[in-house]
Amino acid sequence: MEKLQELYDSLIKKYGRQGWWPINNKYRPGNYDYPNNNLERFEICVGAILTQNTSWINVVKALDNLRKKGLLDPHNMSIAKEERIGELIKPSGYFNQKAKKLKEFAWFFLSHGTDDNDHDVPKREELLEIWGIGPETADSILLYAYKKPEFVIDAYTKSLLLHERIIKGDESYDMLKSLFQENLPKDYKLYNEYHALIVEWGKNQAKN
DNA sequence: TTCCAGGCAATAC
DNA sequence: GTATTGCATGGA
């Protein structure tokens, strides 16, 4: 399946490096060093939860609201009332559910260490046990917040593979993930860029 | 006005 | 195990 590498090459040629994951709405093309502390790491996780079935532009509004009130922080988030979180994240939709998800995740995050130099990388299984964290969100957190080579599959990914006639369309999340991971070098920087490029491709498709 | 966006859990069959 | 349905705001 050399197609996947060729597909990547064509996407990067067309769209260029994407600079994911944006921190404080800033993209850093070609720089894969972020996050470099726990606050940045937490912000990525929060964004991953808020963007579930939601356009990123609405997520930015919610993140800005949380930041202004000091709640883009695991300690403050964990002790905040769900209603208060819900008010601040309203623009990102599903705010009742997402407020609960964020609080649950904040506690989990804290349980893995509060110090920049003493914070454990969570296992995929334990992320999936958290209410509100499914396979895509878990892989997004592992890839973008923890720099682990876990390929992220989303709705655009399936759409692109269908478009390229690489799949039939009835494949599961895990099957699609394996397809990428078994046919590409196990490199978090490559996975980072590839998923971001697929999203960029998807956004452009919608315009046509 | 309708449709959908960087999904997930609950429920139904 | 696979198919539906509710969750919700804001922009096109």
Side-chain angles (χ1 to χ4, degrees), chain A residues 8 11-12 15-29 34-35 43-66 82-106 108 122 124-146 150-163 167-177 180 188 190-208:
Chain A
Y8 174 81
L11 287 171
I12 197 105
Y15 299 116
R17 296 177 197 259
Q18 300 298 301
W20 277 34
W21 186 284
I23 295 172
N24 198 358
N25 206 22
K26 184 182 173 72
Y27 294 80
R28 303 170 189 275
Y34 290 83
E43 179 177 338
I44 293 171
C45 298
V46 171
I49 291 169
L50 291 179
T51 198
Q52 291 172 356
N53 203 39
T54 300
S55 58
W56 183 253
I57 188 163
N58 284 351
V59 175
V60 170
K61 300 177 205 291
L63 287 173
D64 286 345
N65 289 343
L66 290 171
E82 239 172 75
E83 293 75 21
R84 175 156 168 73
I85 299 172
E87 280 303 311
L88 296 173
I89 66 171
K90 232 170 201 177
S92 67
Y94 309 125
F95 60 90
N96 287 315
Q97 291 191 347
K98 284 177 178 174
K100 181 179 175 187
K101 295 178 184 186
L102 289 181
K103 250 194 108 158
E104 300 243 345
F105 182 79
F108 172 85
R124 191 170 190 271
E125 289 68 32
E126 45 181 354
L127 284 170
L128 291 175
E129 286 171 7
I130 304 168
W131 188 85
I133 307 285
E136 182 184 341
T137 308
D139 287 332
S140 291
I141 287 171
L142 289 168
L143 178 60
Y144 290 105
Y146 292 96
E150 301 283 350
F151 204 96
V152 177
I153 303 298
D154 70 346
Y156 290 144
T157 313
K158 182 173 276 190
S159 173
L160 174 62
L161 293 178
L162 271 174
H163 182 80
I167 60 168
K168 289 167 36 185
D170 59 344
E171 294 81 0
S172 67
Y173 184 97
D174 290 338
M175 288 173 67
L176 295 177
K177 184 178 177 184
F180 282 93
Y188 84 89
L190 172 63
Y191 291 6
N192 171 320
E193 204 64 76
Y194 209 150
H195 173 66
L197 284 165
I198 290 172
V199 173
E200 186 57 27
W201 175 86
K203 287 177 176 173
N204 279 278
Q205 286 299 110
K207 295 173 188 169
N208 299 334

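The model shown is predicted, which means the values in this text are computed figures rather than measured ones.
- Within the nucleic acid shown, S92(A) has no heavy atom closer than 4.0 Å to any nucleic acid atom.
- Only the C1' atoms considered, dA10(B) is 22 Å distant from dT9(C), to the nearest whole Å.
- With rounding to whole Å, Y94(A) atom OH is found 12 Å from dC8(B) atom P.
- As a whole-Å value, the separation of I44(A) CD1 from dG6(B) P is 18 Å.
- Looking only at side-chain heavy atoms (C-beta outward), F180(A) and L161(A) come within less than 4.5 Å of each other.
- Side chain to side chain, K101(A) and T137(A) fail the donor-acceptor criterion of an N or O pair below 3.5 Å.
- At the heavy-atom level, N58(A) lies under 4.0 Å from base atoms of the strands shown.
- Look at the P atom in both dA3(C) and dG6(B): the space between them is 24 Å, to the nearest Å.
- Of the two residues near DNA chain C, Q97(A) and K61(A), the one whose nearest nucleotide lies more 5' is Q97(A).
- The CG atom of N53(A) sits 13 Å away from the C1' atom of dA9(B) (whole-angstrom rounding).
- Separating the CD atom of E129(A) from the C1' atom of dC8(B) is a distance of 16 Å, rounded to the nearest angstrom.
- Ring stacking is absent between Y156(A) and dG6(B), as the pair misses the limits of under 5.5 Å between centres and under 30 degrees between planes.
- The CD1 atom of I57(A) sits 7 Å away from the P atom of dA12(C) (whole-angstrom rounding).
- For the pair W20(A) and dG6(B), the criterion of a side-chain N or O lying under 4.0 Å from OP1 or OP2 is not met.
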Would F105(A) and L127(A) count as a side-chain contact (heavy atoms from CB on, under 4.5 Å) if you check the C-alpha gap in whole Å, the side-chain angles of each, and the deciding distance to 0.1 Å? CA-CA 9 Å; F105(A) 182 79; L127(A) 284 170; 4.1 Å; yes
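- Rounded to whole Å, the distance from CD1 on I49(A) to P on dA9(B) is 11 Å.
- The number of heavy atoms from other shown groups lying within 6.0 Å of CD1 (I57(A)) does not exceed 12.
- A distance of about 23 Å separates the P atoms of dC8(B) and dG10(C), rounded to the whole Å.
- If L128(A) and W56(A) are placed on DNA chain B by their nearest nucleotide, the residue sitting closer to the 5' end is W56(A).
- Between T54(A) and dG7(B) there is no side-chain N or O to OP1 or OP2 distance below 4.0 Å.
- The residue from Y8(A), Y188(A), Y191(A), Y144(A) that alone fulfils the ring pair (Phe, Tyr, Trp, His ring centres under 6.0 Å) condition with F151(A) is Y191(A).
- Centre separation under 5.5 Å together with a plane angle under 30° does not hold for the ring of Y173(A) and the six-membered base ring of dG7(B), so they are not marked as stacked.
- Set against dG7(B), dA10(B), dA5(B), the side chain of S55(A) has dA5(B) as its closest nucleotide.
- Look at CD on Q18(A): it is 12 Å from C1' on dG6(B), rounded to the nearest Å.
- Atom CG in L160(A) sits roughly 14 Å away from atom C1' in dG6(B) (whole-Å rounding).
- Counting any heavy atom pair closer than 4.0 Å across all strands shown, I130(A) reaches sugar-phosphate atoms only and no base atom.
- Nearest to the side-chain atoms of E136(A) among the listed nucleotides dG6(B), dG10(C), dC7(C) stands dG6(B).
- Contact check for F108(A) versus E126(A): side-chain heavy atoms found under the 4.5 Å cut-off.
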